[in-house]
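Below you'll find the structure, written out as structure tokens, and then a few comments.
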Amino acid sequence: MVETQTVPESDAGRGDSKLNDFSLAVATANGTGSQTANLTLLRAFFKMGIPVHGKNIFPSNIQGLPTWYHIRVSRDGYVARSEPELLVAFNRATIREDVATLPDGAAVLANADLKYEFERDDLLSYRLPVKELLEGTEAKGKLKDYLANMTYVGALAQLLGVPLSVIEEALGFHFGRRQKLVASNMAIVEASFGYSEREFTKRDPYRVAPMSATEGLIMMTGNEAAALGSVFGGVSVAAWYPITPSTSLIDALRGYLAELRTEEDGSASFNVVQAEDELAAIGMVVGAGWAGARAMTATSGPGISLMAEFAGLGYFAEVPAVVWDIQRVGPSTGLPTRTSQGDVAFVYNLGHGDTRNVILFPSSIEECFEFGVKSFDFAERLQTPVFVLSDLDLGMNNWMGRPFEYPAEPMDRGKVLSAAEIDERGGFSRYLDNDGDGVPYRTLPGNSDPRSAYLARGTGHDEHAVYSERPEDWRHNGERLARKFDSARRLLPEPILDEPEGSTLAIVAFGSTRYAIEEARDRLAVAGLTSAFLRLRALPIGEKVREFVGRHDRIAVVEMNRDGQLCAILRGELPEFATRFESIAYLDGMPLTAEWVSARLDELAAGDRKGEQSG
Amino acid sequence: MVETQTVPESDAGRGDSKLNDFSLAVATANGTGSQTANLTLLRAFFKMGIPVHGKNIFPSNIQGLPTWYHIRVSRDGYVARSEPELLVAFNRATIREDVATLPDGAAVLANADLKYEFERDDLLSYRLPVKELLEGTEAKGKLKDYLANMTYVGALAQLLGVPLSVIEEALGFHFGRRQKLVASNMAIVEASFGYSEREFTKRDPYRVAPMSATEGLIMMTGNEAAALGSVFGGVSVAAWYPITPSTSLIDALRGYLAELRTEEDGSASFNVVQAEDELAAIGMVVGAGWAGARAMTATSGPGISLMAEFAGLGYFAEVPAVVWDIQRVGPSTGLPTRTSQGDVAFVYNLGHGDTRNVILFPSSIEECFEFGVKSFDFAERLQTPVFVLSDLDLGMNNWMGRPFEYPAEPMDRGKVLSAAEIDERGGFSRYLDNDGDGVPYRTLPGNSDPRSAYLARGTGHDEHAVYSERPEDWRHNGERLARKFDSARRLLPEPILDEPEGSTLAIVAFGSTRYAIEEARDRLAVAGLTSAFLRLRALPIGEKVREFVGRHDRIAVVEMNRDGQLCAILRGELPEFATRFESIAYLDGMPLTAEWVSARLDELAAGDRKGEQSG
Amino acid sequence: MDRAKAIKSNAVGLAKADYGGGPSTLCVGCGHNSIANQVIQVAFDLALKPHEVIKLSGIGCSSKSPAYFLGMSHGFNSLHGRMPSLGTGALMANRGLRAIGVSGDGDTGSIGLGQFKHLLRRNVRMTYVVENNGVYGLTKGQFSATADEGQELKYAGQNEFPAIDICLEAIAAGCGFVARSFAGDAKQVRELLKAALSHRGTAVVDIISPCVAFNNEDTSTKSYGYGREFERPLHEIGYVPIAEEIVLEGQEPGEVRVVELHDGSKLTLRKLEEEYDSSDRPAAIDRLLRAEEDGEFITGLLYYDPSRPDLAEASRMVQTPLSELSQERLRPPPAVLDRIMQRYG
Amino acid sequence: MDRAKAIKSNAVGLAKADYGGGPSTLCVGCGHNSIANQVIQVAFDLALKPHEVIKLSGIGCSSKSPAYFLGMSHGFNSLHGRMPSLGTGALMANRGLRAIGVSGDGDTGSIGLGQFKHLLRRNVRMTYVVENNGVYGLTKGQFSATADEGQELKYAGQNEFPAIDICLEAIAAGCGFVARSFAGDAKQVRELLKAALSHRGTAVVDIISPCVAFNNEDTSTKSYGYGREFERPLHEIGYVPIAEEIVLEGQEPGEVRVVELHDGSKLTLRKLEEEYDSSDRPAAIDRLLRAEEDGEFITGLLYYDPSRPDLAEASRMVQTPLSELSQERLRPPPAVLDRIMQRYG
Ligand SMILES: Cc1ncc(C[n+]2csc(CCOP(=O)(O)OP(=O)(O)O)c2C)c(N)n1
Ligand SMILES: Cc1ncc(C[n+]2csc(CCOP(=O)(O)OP(=O)(O)O)c2C)c(N)n1
Ligand code: SF4
Ligand code: SF4
Ligand SMILES: [Mg+2]
Ligand SMILES: [Mg+2]
């Protein structure tokens with residue numbers, strides 16, 4: 001994302017409050033191709049240099065159900081969800097409700113063919129005769145529906161002040177070399193732009209003007225960033241099973257790998273296999289990790305549930321593996337196309353017995369890339385499955401970000417012994433804690449030293465990987481694994497801290513909720529409430545977290561789930577500070593808004609003050 | 001188990017410290033049929049009225065590996081594991097180590113044919129010429145190995161003072177009507193009894209004398225008790241997949257059902273299906289529960305991992321189901337034949353998203369029976385999967401107990417509406433919280449009122465079970481489910497409290513560790529350390545637990561796992577008391593001993609005192 | 001649907017509309033929609049009592065369809081690939097119910113293959129419909145296990161793996177009712193569904209049901225175009241309800257095989273081009289393999305054998321649904337507990 | 001084992017003993033033990049380099065056996081029924097390895113059926129041995145999916161369900177090397193294993209391997225008694241290493257079929273009572289079904305078709321094992337990242 005400071009002072013006069021600072025929603029039906037229109041608008045704002053972000057609020061279906069696309073333009077660089085003030089009403093099924101929920105003085109660009117009578121007179125509305133505008137084209141059926149969406153692009157461009165040239169650029173970005181498509185789309189855009197120019201008299205305050213705030217930035221989805229990161233992390237095996245919202249990660253991965261890892265002779269230095277289910281997918285990943293490849297899978301809740309047994313095997317046999325969980329709303333099949341942070345507790349000890357897993361929490365496309373790379377280093381260094389918990393909002397939507405930094409460090413392949421090294425050492429014991437960090441040495445199949453061979457297993461074993469039921473062998477091995485987990489605390493990415501002077505409230509959160517939280521903190525600061533913020537980037541927690549908690553006596557743990565999962569984990573791991581944590585947990589499938597977060601934080605602070613007064 | 005007070009004052013003079021108070025271990029090889037010999041001894045002591053308990057310490061293999069059987073006779077009714085002082089050494093593979101680990105002055109009854117030379121002269125040893133004793137019989141091969149084990153029964157009986165008539169009774173119990181077998185076994189027993197009488201001069205202190213402490217008691221395994229309870233709980237569908245240590249529960253269930261639920265015409269009013277795996281087993285159980293049968297499965301860790309996705313569906317679609325988890329040592333395949341309490345954390349939120357499950361913790365055969373009955377009432381009342389967490393030690397070993405009480409209450413089938421009731425109410429909404437307890441009403445397939453029909457699903461739904469992606473529908477449903485979970489806190493079995501005056505330390509534990517803990521408390525009490533004990537019987541916790549924790553400022557949470565899973569859960573749920581909990585967690589596959597527990601508690605108390613002194 | 005038909009009611013006094021469900025949210029033209037409509041028609045024709053029927057499915061576009069028919073019947077839209085176990089349990093609990101299971105090729109052939117095969121081994125009494133389109137519709141067009149080997153799709157790329165043949169798998173697993181049909185052949189679908197509902201155990205009906213969104217190119221064996229051009233029925237099928245007489249309009253009896261179904265109803269199989277004997281297991285498999293080699297799209301009742309008992313029969317269950325047993329029959333009396341306690345004393 | 005043999009060493013300078021593993025903890029007389037011994041003999045005869053071999057298994061007595069052979073090779077004793085996916089991953093990571101997978105009838109036919117079938121679809125290059133005893137040995141004798149229909153066992157009761165035929169399932173799934181053998185027929189087991197190790201893709205060898213503890217009554221088709229009495233080899237099998245010449249001692253060539261294996265070695269199939277053509281898929285299935293009906297215990301190479309590429313070939317993987325790729329080949333250079341960043345600007 002764009003830290004506020006990176007946004008140059010808007011060249012648009014601050015007086016004009018809605019200039020480059022509003023949210024719009026496009027309401028259409030699923031499967032009519034409105035995505036192209038929406039992404040064109042999004043890209044256009046971006047190319048104008050205006051900080052912008054789009055959220056696709058779509059149904060779990062392929063065609064015909066209501067779908068919304070939210071775009072927020074923010075000269076200050078805020079990208080959290082905020083309630084739309086400008087509505088593009090192109091769906092008969094939802095227009096009544098869409099209009100009803102608009103704030104006072106909102107504006108509506110409606111498809112005139114819906115013949116909808118507005119009950120509210122506080123709204124500014126524009127009616128676009130879509131059929132009429134399409135009469136020119138001889139397009140039919142699906143293509144016609146699709147082009148129909150281009151009409152609102154043209155009209156909006158005119159109403160908001162987006163130059164046609166920028167729309168054309170944006171279409172160019174979308175269609176790449178396919179110039180004919182750009183042309184055919186522009187035709188419609190120009191037609192409706194013209195119509196709007198002629199027929200509409202602008203009365204609403206929503207306008208855009210060029211800025212330079214997005215200069216040098218990129219815009220992509222978290223899943224694309226994760227895929228790209230994985231490629232630069234050296235992934236060579238991926239096994240997966242399709243599931244929303246993780247599918248686009250693998251789609252991107254297949255694309256990048258085909259582009260970047262195909263040899264001259266057309267052979268592939270990678271293999272991506274679509275498994276028969278997630279149980280098989282994780283099995284392939286564990287098998288590949290054991291045999292020495294950097295292997296990954298991507299899934300969501302239901303897939304995570306099916307991976308439990310193999311996760312436990314990976315933990316116990318100590319096999320590197322990377323699992324991306326693009327979280328959606330659960331329990332069960334839940335809401336497949338809505339976002340959540342609901343798998344934290346389950347993934348943290350996924351697997352029966354005393355299984356404990358390493359978790360990474362990316363919060364931006366930069367971190368999706370960064371963790372895409374580093375997850376493999378961690379997995380191989382620690383010889384354990386590493387779970388990267390992203391979510392639908394971060395993964396499937398387009399976000400601004402700084403261009404990704406090429407990995408500074410070479411790959412860390414961990415403690416793998418070659419035949420030569422075994423010879424030097426005069427042997428090898430698979431599960432011996434040579435270094436005191438709980439991390440043993442391993443060898444790969446194919447190692448020509450006979451002493452390198454061992455039989456990996458999920459059953460009790462001694463330090464030489466030989467089957468053992470001896471109580472002391474079990475205990476020692478378990479204690480070593482616990483030591484290893486503590487080593488992880490020192491190895492994993494540290495939290496990001498922001499602790500301004502005089503903070504009266506502290507916040508702990510992770511992942512994509514940061515945007516609503518950061519905006520909320522700015523608002524509260526203006527209102528005189530200064531807060532400290534720790535953005536957790538990994539589990540298990542390390543010293544930095546303990547110290548932060550030690551410094552603050554009221555800590556709000558903000559998360560997008562019902563049960564306050566991270567809050568319970570922190571209380572369990574930091575009992576001495578358990579009473580300092582306040583759970584602010586919420587889940588309804590929609591990303592948090594700054595309004596909501598600041599209100600909750602305000603209540604909490606108020607509660608404090610009351611506490612002080614009464615006590 | 002036998003509360004101490006129920007043991008009549010031993011009629012054996014207290015002076016004689018080893019009379020009716022010692023532990024013996026029988027070391028043999030797996031698959032040689034030594035179980036019959038061991039159970040005969042166990043039953044013999046029981047029939048003599050002496051409190052007794054036996055633990056089978058066996059390998060994960062079918063034949064040939066070392067196996068041990070521990071028997072503890074205790075005039076005071078203690079049944080926890082304690083280190084053996086009397087050894088029956090019949091296994092060449094382990095005799096050296098078995099002898100080495102004996103305490104000073106221990107006694108050994110060895111198979112003379114092993115020709116083992118004792119290095120220790122502090123031991124009292126007896127050598128039994130097994131081959132010679134078998135010469136009489138014309139038994140061969142397996143049968144001969146098997147009969148060989150009867151020789152130590154005879155010799156031990158003679159050395160300890162068990163009348164032959166009691167051995168015959170015990171054999172009778174074992175072989176039921178098959179008198180010929182009793183006779184052939186008695187022949188060997190008498191031979192070795194005679195040999196012992198003639199050749200051995202008793203020099204060790206270990207003896208038994210009749211008591212009346214087991215009068216009116218029964219002895220059976222926890223798995224048999226669970227199966228019997230399930231039958232009286234009205235189970236009619238069971239689906240399972242074989243896995244140690246849960247298999248014997250289903251074996252017993254099949255036996256009881258065949259006996260008690262077969263109609264005159266030979267038809268069965270039940271169905272027990274061996275599924276293709278645990279994923280299918282739980283699927284069948286959820287399907288049967290939805291359709292109105294009382295359905296159960298039994299499994300262990302690896303099976304639990306495979307049940308995660310269906311557990312989440314059961315929670316979210318709100319389907320009654322009962323799952324017995326006979327815990328063994330994990331992670332992964334772990335130690336299939338060793339005991340643990342390692343699945344608590346994983347089962348508590350088994351399933352991705354915000355899934356939260358109800359757990360019962362039986363600690364005795366009485367509670368295995370009781371929860372076998374009540375688990376179905378809870379599952380149907382709460383319309384959710386109920387997990388009963390037993391363990392290998394409780395489930396597979398023989399325990400004394402009071403005869404089970406016939407259920408006082410009729411079955412609670414929960415909120416199920418008949419066609420007539422729907423008519424009265426003028427309709428039905430599947431997920432509406434009519435009663436404010438979060439528990440909705442349900443209908444069963446076959447209900448003739450068309451308004452009773454609904455489509456159960458794991459996807460988001462409104463109060464009428466209609467698919468919904470509306471944020472508020474999701475939130476309301478989730479809040480109701482949370483309310484339901486709170487209702488469970490009030491419904492589930494309350495903890496058992498023992499809070500003597502002047503307790504300086506409190507203990508929280510669950511399940512089979514109670515025996516070691518109760519014995520440890522008695523020891524500490526003698527040494528002047530009085531402790532309070534809360535035995536948890538269910539999760540989520542209720543008020544009683546909170547109150548208890550509120551009354552004690554130092555609470556040891558004792559559990560048989562590595563990570564202190566219950567301790568972390570309690571800290572998370574009772575943050576205001578988080579610092580009061582001290583985790584005493586241990587796992588090596590062997591049941592805890594009173595020695596170990598009292599040592600840990602003593603350290604803790606000492607720490608306290610130190611704390612006091614220094615502070 | 002014309003007015004007259006709508007108000008006409010069947011033997012149990014229900015109109016066809018009473019067998020309808022919620023509005024479909026599937027794509028316009030999706031094969032699954034036409035199958036849902038046939039289920040409605042069949043239920044109406046057979047005058048099924050809605051409360052004696054349950055609808056089961058896994059996850060997928062296909063698995064959504066139970067929401068679009070039989071709105072007055074209970075149903076369970078379960079987990080991806082796991083409907084077989086859920087259905088087995090439901091029918092253990094209540095053997096009196098007639099189960100209509102709807103699955104997809106991904107749901108059955110990929111993630112669910114193991115449960116599918118074991119369902120057939122147990123011969124659980126249910127009609128198991130596979131709406132087979134060769135792709136994962138709901139997740140936007142990846143290849144499923146039934147996709148044509150070597151097929152190219154714009155999004156999914158090329159499929160390097162051989163297709164799993166649902167019918168071959170079913171016959172191999174010992175299923176006694178295995179049929180293949182085509183969503184574009186409404187009449188055959190109906191007659192087969194009626195027969196399936198009368199079968200003793202699991203009846204598998206593998207229906208090629210085109211996905212218009214992702215796999216409807218004429219070159220795909222799962223497309224409407226391909227089906228319309230190449231469907232080759234092995235026989236013309238007619239379902240004859242229990243009461244009714246079979247009327248063979250003027251042709252030699254030899255041309256028509258009459259199959260007796262479990263509940264007394266009958267099926268007439270009128271010979272078309274080739275002689276085909278649905279009761280010969282090796283022959284059925286052989287025919288399937290040949291069709292596969294020659295790229296033939298054969299439809300009809302491929303294999304029929306009513307001899308195996310279903311799960312409820314095999315396990316000798318009481319006729320009363322277990323879900324309806326009273327407490328008296330479920331919980332043995334106190335005396336029994338005492339007797340057992342004696343044993344362990 | 002006699003001294004002389006023990007010290008004799010093979011082409012890679014290893015003695016037979018070097019291919020041994022830890023001491024078996026299986027029951028004395030268990031079929032699995034004799035199979036483990038044949039694996040040792042075969043590895044020695046073929047002069048396999050231990051570090052080029054991996055051993056894979058699921059969970060079960062059978063799955064324990066990799067601990068008892070090839071102690072100088074890496075191996076993974078994985079999860080119950082999940083060895084196929086684990087093996088697929090291992091071979092994706094390193095296509096140069098030769099994989100010997102050992103599973104049981106429960107491991108493959110019950111919990112693992114789905115993964116087994118999909119392994120075959122992908123034609124992952126490995127030798128997949130099923131040590132088939134019709135029961136779950138390690139959990140003490142419950143029926144597995146391959147148990148005889150109607151069989152009675154003292155502990156497990158009666159089995160009401162039809163047996164899954166591993167070989168039929170394999171052929172149906174498109175496997176190109178499907179063999180059945182008997183643990184009591186050491187020579188045939190050896191020759192088949194040698195051929196399997198030379199096959200292009202997945203080679204399934206379903207070996208009846210009696211469980212002496214729970215299923216060895218002569219009436220059981222999985223017992224030694226039954227095998228010894230009823231085994232009916234379809235042909236006499238001889239494996240001919242790459243270098244060697246085929247010598248057909250005086251008999252008409254017609255009597256011997258010579259099969260060319262993927263790595264250039266050959267297999268001679270000498271005709272016994274019947275004409276049998278291992279290359280005819282429908283015929284193979286038909287023969288299996290007849291054998292099933294007549295209760296015949298046929299053994300040998302039931303079906304062979306080397307035409308399908310294995311997973312590595314189908315996905316056009318580089319020859320270098322992915323596990324050996326250097327960082328340079330795994331991580332694209334900075335310029336590439338810059339180029340891609342441009343696109344998203
Ligand atoms: C465990 C799990 N994995 C993945 C998914 C995502 N998913 C939903 S439907 C589907 C495939 C459906 O394909 P098919 O069964 O052929 O049905 P169709 O949509 O083609 O009718 C998948 C992979 C899921 N819901 N659950
Ligand atoms: C998920 C899971 N479920 C159950 C078990 C228990 N289990 C271990 S081995 C086995 C069956 C083995 O049978 P088979 O594959 O035929 O091997 P055999 O012992 O007969 O050689 C079972 C059910 C397990 N280890 N894991
Ligand atoms: S995507 Fe395909 S399967 Fe799904 S509804 Fe549309 S046409 Fe049908
Ligand atoms: S139980 Fe059976 S399968 Fe297992 S080792 Fe013994 S004989 Fe072999
Ligand atoms: Mg499909
Ligand atoms: Mg077996």
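Proteins get letters first, then strands, A, B, ... in listed order; numbering begins at 1 in each.
Residue Ser323(C) comes nearest to Ala293(B) through the heavy atom pair CB-N, 4.2 Å, listed as atom of the first residue, atom of the second, then distance. Summarising the geometry of Ser267(B) relative to Val318(C), their closest heavy-atom pair is OG-CG1, 3.2 Å, with the distance given to 0.1 Å. Of all non-hydrogen atoms in Met411(B) and Leu330(C), the two that sit nearest each other are CE-CB, 3.6 Å. Shown here for Gly345(C) and Lys47(B), the closest heavy-atom pair between the two residues is O-NZ, 3.6 Å. Minimum interatomic distance between Glu405(B) and Leu337(C) (heavy atoms only, all atoms of both residues): C-CD2, 4.0 Å.
Summarising the geometry, atom OG belonging to Ser315(C) is positioned 4.0 Å from atom CG belonging to Asn271(B); distances are rounded to the nearest 0.5 Å. Residue Met341(C) holds its CE atom at 4.5 Å from CZ of Phe404(B), rounded to the nearest 0.5 Å. With values rounded to the nearest 0.5 angstrom, Met92(C) atom CE is found 5.5 Å from Met284(B) atom CE. Note that CG of Asp265(B) and CD of Gln319(C) are 9.0 Å apart. Values are rounded to the nearest 0.5 Å. Here Asp277(B) contributes atom CG and His118(C) contributes atom NE2; the two are 7.5 Å apart, rounded to the nearest 0.5 Å. Taken from CG in Leu455(B) to NE2 in His74(C), the straight-line distance is 10.0 Å, to the nearest 0.5 Å.
Residue contact with chain C, scored on non-hydrogen atoms closer than 4.5 Å, is absent for Arg451(B). For chain C, the nearby parts of Val231(B) are the backbone and the side chain; heavy atoms of each come within less than 4.5 Å. Both the backbone and the side chain of Thr443(B) come within contact range of chain C, with heavy atoms under 4.5 Å apart. Within the 4.5 angstrom heavy-atom criterion, no atom of Arg95(C) approaches chain B. There is no contact between Glu215(B) and chain C, counting heavy-atom distances below 4.5 Å. For chain C, no part of Ala295(B) is nearby; none of its heavy atoms comes within less than 4.5 Å. At a 4.5 Å heavy-atom cutoff, Asp449(B) makes no contact with chain C through either its backbone or its side chain. Interface remark: Val272(B) contributes no atoms to any contact with chain C (heavy atom separation under 4.5 Å). Proximity to chain C is absent for every atom of Ile282(B), based on heavy atoms less than 4.5 angstrom apart. Proximity to chain C (any heavy atom under 4.5 Å) is restricted, for Phe369(B), to the side chain, taken from C-beta onward. Using a 4.5 Å cut-off between heavy atoms, Val319(B) contacts chain C through its side chain alone, with no backbone atom that close.
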Let me see the working for Ser85(C) and Phe310(B) under side-chain contact (heavy atoms from CB on, under 4.5 Å), right down to the final yes or no. CA-CA 11 Å; Ser85(C) 59; Phe310(B) 258 116; 3.9 Å; yes
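With chain C as the partner, the residue from Ala453(B), Ala291(B), Ala456(B), Gly458(B) showing the most heavy-atom pairs under 4.5 Å is Ala456(B). With respect to chain C, the highest number of heavy-atom pairs below 4.5 Å among Ala317(B), Gly233(B), Gly266(B) belongs to Gly266(B).
The ring-ring contact (aromatic ring centres under 6.0 Å, His included) contacts involving residues 324-345 of chain C comprise nothing, where partners must be two or more places apart or lie in separate chains.
Between Glu259(B) and Arg343(C) there is a salt bridge, since at least one side-chain N of the basic residue sits less than 4.0 Å from a carboxylate O of the acidic one. The pair Arg329(C)-Glu263(B) counts as a salt bridge, with a side-chain nitrogen and a carboxylate oxygen less than 4.0 angstrom apart.
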